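All values reported here derive from a predicted model rather than from experimental measurement.
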Amino acid sequence: MRTATLGPEQRAESLAAMAERELDVLVVGGGVVGAGTALDAVTRGLNTGIVEARDWASGTSSRSSKLIHGGLRYLEMLDFALVREALKERGLLLERLAPHLVKPVSFLYPLQHQGWERLYAGSGVALYDAMSMARGHGRGLPAHRHLSRRHALRVAPALRKDALVGAIQYYDAQMDDARYVATLVRTAVSYGAKAANRARVTGFLREGERVVGARVQDVESGGEYEIRAQQVVNATGVWTDDTQALVGERGQFHVRASKGIHLVVPKDRIHSTTGLILRTEKSVLFVIPWGRHWIIGTTDTDWDLDKAHPAASSADIDYLLNHVNSVLAVPLSRDDVQGVYAGLRPLLAGESDATSKLSREHTVAHPVPGLVVVAGGKYTTYRVMAKDAVDEAVHGLDMRVAECVTEDIPLLGAEGYRAMWNARARIAARTGLHVARVEHLLNRYGSMAEEVLDLIAADPGLAEPLSAADDYLRAEVVYAASHEGARHLDDVLTRRTRISIETFDRGTRSAREAAELMAPVLGWDKDQVEREVEHYEKRVEAERESQLQPDDQTADAARLGAPEIVPR
C-alpha cells in the first residue's frame, strides 16, 4: 500500500526542497482544485509543489454541502454537458477512486401537486439516472422510485401530511469534503509532490513579462522562500482575483463569491430514513444525513466581506429554519441547532446579477507567460478542472508530457479498503475495538486505518474516545497532527474531525484534551497549548456572536473579533 505522511518534519523538508530546485509546476491553493491539480501534475511525471496559505481545505473546500452530485437543477437549466460530466465523476469516485470516502445517499423529493408535477419531476430524475448509466458509471447507485404519499410518510415520518401528495426518491453521493482534500494532498505527496500548508504566497517572481515562481512566507516560522517554477497554477478559488493582483494582472475573468450557510442538527430531531430535497424560491434546500446528524442547507447570497471567515447571520439561520419547517410535522428551533458553518462558492461573474444563476462551469486561462489560472466549477468536477489546468500549463513547458492519468489513480486508502471492510469483525477482535469503531475508522481512512491502529497498539490509551466528543478516538487527534498536516487545534476540531459542528459546545469541551494530545507531535510547550485553547474558544465565541447579528455586515464584524492563531 502506497502511503505518505504530512507531519511537521515532512512539511519543513518540502519547503526546503521546493526552494532548492526549480519545479515544473507550482500550485498555489490547497483546496480541492489545487490538491487535484498537484496530483494530476505529479502523476504525469512533473516535478510538482503545492503551497497553501492556511490549512488544507480551510476555505470553500471544507464548507460545502458535502455532496458529490450531478446537479439535478442544472438539468432543469438544460445544462446537459455539466450534468453529464459531473455524473461521470460521481461514478468514478464511488466505484474506483475513493470508495472509502464517497458514499451513496438517498433523497426524497416531496411532490405538492397532482399529476403534472410527478410527470415533470419524474422525467427529470429518470433522465438523470439514464445519463448516469449511459456513461457506465451509474451501477453503484439504486435507480429512482416513485412513492405514494403513504409510502413516503413511512420513509420520512417527519414530514407533515399536508406537505406532499406523493414523492420521488433518488440517489446521489456524499463525502467529508475536508477529509477528502487532505487525502488528495497526501496522495499527491505519495507520488512525489512537495506540499506545505501555512505557506503564503506574498508575491510572484518575474523575468520580464514571465512569471518564474513565487515568494512564499512560512507563516509558522516567519521564514521566506523563493520557489522557482516553469509554470505556476493559481487555484485559489474565491481568492483568485486577490492572487492575480500580486502579478499586477486582473486576468480575463472575475470570480465572485456567493455565501452558503448550513445548519447541523441531531439525527433524532428529524425522524426520517432518507435525506430530503425541497424547492425554494431561489434554488433548492437539502436535508442531508450526516452520521448522527443532519446537515440543512444552503443559502445563496452575494458576499463581498471577509473571505477567510464568512459569517452566518441570524437572518441566514432563520431562512433555513423557516424553509425546512414548512414541511416538518415537528418544527425545529434555534435550540436544536448544534453547529453552523458558512462557505463561499467561487462563481464566474458577468452572466447575471443573481448568484444562483452565475456559472458553475469552470474556466482556465494563461493571462501572462508562466501563470495559469483555474476558477469556477463545482467540487464534484474538481478532477476535470485539474486536468484542464495542467493541460494548459503543459503548453508552457519545454518537454513532452504524458496525458492525464488521474481517472485511474485511486486515492490513498482506497486500495484494500473493501477487503478490510469485509474483515472488519476480525479487525475488531484483533484490536479490542467495537466493530462500530472499526467501521468508523475505515470510512474515514480506508485501508490507512491500519496506521491509526498502529498508534493504538503503541499506546493503548489512544483507543479511548475523546471525553466530550465520543464519536472520535484520541488516536485520531494524534494521527491528524502526525500524518495529516494539522498544525493547530482549529485544524483538528474543524477539519480533520467535525467536532466543531457536531457538538452543542462547538468543540470547546474537547479543546484542551485535543491540544494536549497534539502537543508532543508538534513540539508545543504548556504556553502554546494555552494559546491554542484560548484561540479556539475565542473563535467559537465570535462565531456564536456573529450568528446573533441581523445582517452580513454586523455578523462579519462580530466574527472578525477573534484574532488569527499566532504561532509561538
Review point. Are more than 12 heavy atoms from other residues, nucleotides or ligands located less than 6.0 Å from atom CD of Glu541?
Key: no
**Study point:** Distance-only polar pair, side chains of Trp56 and Glu484, donor-acceptor under 3.5 Å
**Key:** no
Practice item. Specify the closest pair of heavy atoms between Asp470 and Arg437, including all atoms of both residues, with the distance to one decimal. Key: O-NH1, 2.7 Å
Exercise for review: Would you confirm whether Arg11, through its side chain, and Asn197, through its main-chain N or O, come within 3.5 Å as a donor-acceptor pair?
Suggested key: yes
Point to revise | Atom CD of Glu20: over 12 foreign heavy atoms under 6.0 Å | key: no
Point to revise | Heavy-atom side-chain contact between His535 and Leu489 under 4.5 Å | key: no
Check your understanding: With a cut-off of 6.0 Å (strictly less than), are more than 12 heavy atoms of other residues, nucleotides or ligands near CZ of Arg430?
Key -> yes
**Study point:** Test item: side-chain donor near acceptor, Asp40 and Thr37, under 3.5 Å
**Key:** no
Review point. In Å, rounded to the nearest 0.5 Å, how long is the span from OG1 of Thr380 to CZ of Arg383?
Key: 12.5 Å
Exercise for review: Could you check if a side-chain atom of Leu263 sits within less than 4.5 angstrom of a side-chain atom of Ile261, using non-hydrogen atoms only?
Suggested key: yes
Point to revise | Partners passing side-chain hydrogen bond (donor to acceptor under 3.5 Å, both in side chains) against Asn422 (at least two apart in sequence or in another chain) | key: none
Review point. Residues in side-chain hydrogen bond (donor to acceptor under 3.5 Å, both in side chains) with Arg495, at least two apart?
Key: Asp55, Asp490, Asp491
Review point. With no hydrogens and no angle check, do the side chains of Glu564 and His488 hold a donor and an acceptor under 3.5 Å apart?
Key: no
Revision key, fill the gap. side-chain hydrogen bond (donor to acceptor under 3.5 Å, both in side chains) filter on Asp552, not counting sequence neighbours, yields Lys259
Practice item. With sequence neighbours excluded, tell me which residues meet ring pair (Phe, Tyr, Trp, His ring centres under 6.0 Å) with His440. Key: Tyr472
Point to revise | Side chains of Val394 and Arg44 in contact at under 4.5 Å (non-hydrogen atoms) | key: yes
Exercise for review: May I have all residue pairs that pass ring-ring contact (aromatic ring centres under 6.0 Å, His included) and include part of residues 10-52, sequence neighbours excluded?
Suggested key: none
Exercise for review: Find the distance between CD (Gln174) and CD1 (Ile68) and round it off to the nearest 0.5 Å.
Suggested key: 10.0 Å
**Study point:** Rounded distance (nearest 0.5 Å) linking atom OG of Ser510 with atom CZ of Arg512
**Key:** 12.5 Å
Review point. Is it true that a side-chain atom of Ser447 and a backbone atom of Glu415 form a donor plus acceptor pair closer than 3.5 Å?
Key: yes
Practice item. Give the C-alpha distance, both sets of side-chain angles, the deciding distance and a yes or no for side-chain hydrogen bond (donor to acceptor under 3.5 Å, both in side chains) between Ser467 and Glu513. Key: CA-CA 8 Å; Ser467 56; Glu513 183 180 5; 2.9 Å; yes
Exercise for review: Inspect the surroundings of CZ in Arg426 and state if more than 12 heavy atoms from other residues, nucleotides or ligands are less than 6.0 Å away.
Suggested key: no
Exercise for review: Please determine if Arg418 forms a cation-pi arrangement with Trp421, meaning its NZ or CZ atom is less than 6.0 Å from the six-membered ring centre and no more than 45° off the ring axis.
Suggested key: no
Revision key, fill the gap. Sorted by chain and number, sequence neighbours left out, salt bridge (charged side-chain N to carboxylate O under 4.0 Å, His left out) with Asp176 holds for Arg498
Check your understanding: Parallel, tilted or perpendicular for Tyr180 and Tyr382, by the 30°/60° rule?
Key -> perpendicular
Review point. Testing Val373, Asp242, Val211, Leu26 for side-chain contact (heavy atoms from CB on, under 4.5 Å) with Asn234, which one passes?
Key: Val373
Check your understanding: Is Lys526 salt-bridged to Glu530, going by a charged N under 4.0 Å from an acidic O?
Key -> no
Review point. So do the side chains of Val384 and Lys387 get within less than 4.5 Å of each other, counting heavy atoms only?
Key: no
Review point. Looking at side-chain heavy atoms only, is the closest gap between Leu517 and Leu466 below 4.5 Å?
Key: yes
**Study point:** Pair Gln547-Glu543, side-chain hydrogen bond (donor to acceptor under 3.5 Å, both in side chains): steps then yes or no
**Key:** CA-CA 6 Å; Gln547 291 154 20; Glu543 284 184 348; 4.9 Å; no
Practice item. State the NZ-CE distance between Lys66 and Met175, to the nearest 0.5 angstrom. Key: 7.5 Å
Exercise for review: Taking Arg506 for its side chain and Gln338 for its backbone only, find out whether a donor-acceptor pair lies under 3.5 Å.
Suggested key: yes
Exercise for review: Measure the shortest side-chain to side-chain distance between Asp556 and Gln549 over non-hydrogen atoms and say whether it is less than 4.5 angstrom.
Suggested key: no
Review point. Does His483 reach the side chain of Arg186, with side-chain heavy atoms less than 4.5 Å apart?
Key: yes
**Study point:** Reported CG-to-CZ distance for the pair Leu205 and Arg215, which is rounded to 0.5 angstrom
**Key:** 6.0 Å
Review point. Tell me, do Ile427 and Leu453 make a side-chain contact under 4.5 Å, heavy atoms counted?
Key: yes
Check your understanding: About how many Å separate CG of Leu67 and CD1 of Ile288, when rounded to the nearest 0.5 Å?
Key -> 4.0 Å
